[in-house]
Amino acid sequence: KAGVTQTPRYLIKTRGQQVTLSCSPISGHRSVSWYQQTPGQGLQFLFEYFSETQRNKGNFPGRFSGRQFSNSRSEMNVSTLELGDSALYLCASSNGQNDLGYTFGSGTRLTVV
Amino acid sequence: DQQVKQNSPSLSVQEGRISILNCDYTNSMFDYFLWYKKYPAEGPTFLISISSIKDKNEDGRFTVFLNKSAKHLSLHIVPSQPGDSAVYFCAANMNTGFQKLVFGTGTRLLVSP
């Protein structure tokens with residue numbers, strides 16, 4: 001089966017701009033979670049969506065938002081980009097119920113200049 | 001507040017020897033633990049997991065040990081192979097019904113021939 005697909009793979013944006021990242025989960029998976037990976041910080045949880053509803057949210061400012069569509073595809077948006085938002089953004093999917101292991105996508109590398 | 005800690009940022013091991021990666025956690029509510037492996041430019045891939053009702057889980061060359069009283073888990077790789085060279089993340093989850101893994105900062109393992 002196809003894996004988790006994240007687009008785009010790489011992105012360069014300017015401070016103050018906004019960006020939208022996309023994630024298509026494994027077919028049949030209804031849960032999509034987003035993580036930010038920065039050097040020295042590991043993976044920081046952003047939010048999780050299940051059946052189009054945000055079920056859980058991490059400690060990120062309101063500039064970070066997301067949504068999930070009826071086909072389980074998810075997008076995350078970052079507005080008013082800051083230099084510190086430069087990171088690898090990872091999306092993971094699972095069935096959202098008894099499956100506690102994620103399948104991750106390859107990530108979107110965002111660079112803010 | 002780093003609830004999951006991997007205090008060794010890097011580890012070097014010779015091929016054929018044992019690799020031991022350590023992870024400590026502070027939240028006693030965590031009841032499920034996972035290890036992920038990550039190669040550059042790829043998303044993390046699930047390696048092995050352990051429930052808090054067990055103290056050991058084995059899968060081929062990989063064994064995870066859990067010491068709940070010490071809030072410590074470790075991943076043993078025996079024998080280590082050059083292809084095991086990657087960043088290893090431990091992660092913890094609470095049985096809240098939500099999907100929210102708390103990750104450590106990772107340990108870079110280098111296995112030399």
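Lettering of chains follows the sequences in order, A, B, ..., and the numbering in each one begins at 1. Note that the coordinates shown come from a computational prediction; the quantities given were computed from them, not determined experimentally.
A/Tyr10 and A/Ile12 fall into different hydrophobic clusters, where Ile, Leu, Val, Met, Phe, Trp and Tyr residues are linked whenever their side-chain heavy atoms come under 4.5 Å apart, directly or through other members. A/Val4 and A/Leu21 end up in different hydrophobic clusters when Ile, Leu, Val, Met, Phe, Trp and Tyr side chains are linked at under 4.5 Å. No path of Ile, Leu, Val, Met, Phe, Trp and Tyr side chains, each step under 4.5 Å between heavy atoms, connects A/Leu46 with B/Val4, placing them in separate hydrophobic clusters. A/Met76 and A/Phe69 fall into different hydrophobic clusters, where Ile, Leu, Val, Met, Phe, Trp and Tyr side chains are chained together by heavy-atom contacts under 4.5 Å. Clustering ILVMFWY residues whenever any of their side-chain heavy atoms sit less than 4.5 angstrom apart, transitively, puts A/Phe64 in the very cluster that holds A/Trp34.
Summarising the geometry, atom NZ belonging to B/Lys100 is positioned 13.5 Å from atom OG belonging to A/Ser31; distances are rounded to the nearest 0.5 Å. Taking CZ of A/Phe45 as the reference point, atom CG of B/Leu101 lies at 9.0 Å (rounded to 0.5 Å).
Within 6.0 Å of atom CZ in B/Arg17, 12 or fewer heavy atoms from other residues, nucleotides or ligands are found, so the atom counts as exposed in its surroundings. A 6.0 Å sphere centred on CD1 of B/Ile18 holds more than 12 heavy atoms belonging to other residues, nucleotides or ligands.
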- Check step by step if side-chain contact (heavy atoms from CB on, under 4.5 Å) holds for B/Lys38 and A/Leu88. CA-CA 13 Å; B/Lys38 186 179 185 299; A/Leu88 179 67; 3.8 Å; yes
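Contact of A/Arg109 with chain B is not made at all, since no heavy-atom distance falls under 4.5 Å. Contact annotation for A/Gln37: only side-chain heavy atoms (C-beta onward) come within less than 4.5 Å of a heavy atom of chain B. With a 4.5 Å cut-off on non-hydrogen atoms, A/Leu43 touches chain B through its backbone and its side chain both.
Here the closest non-hydrogen pair linking A/Leu90 and B/Pro44 is CD1-CD, 3.8 Å.
A distance-only check finds no donor-acceptor pair linking the side chain of A/Tyr102 to the backbone of B/Thr45 [under 3.5 Å].
For A/Phe104 and B/Phe46, the gap between ring centers reaches or exceeds 6.0 Å. Taking the six-membered ring for Trp and the full ring otherwise, the centers of A/Tyr35 and B/Phe103 sit less than 6.0 Å from each other.
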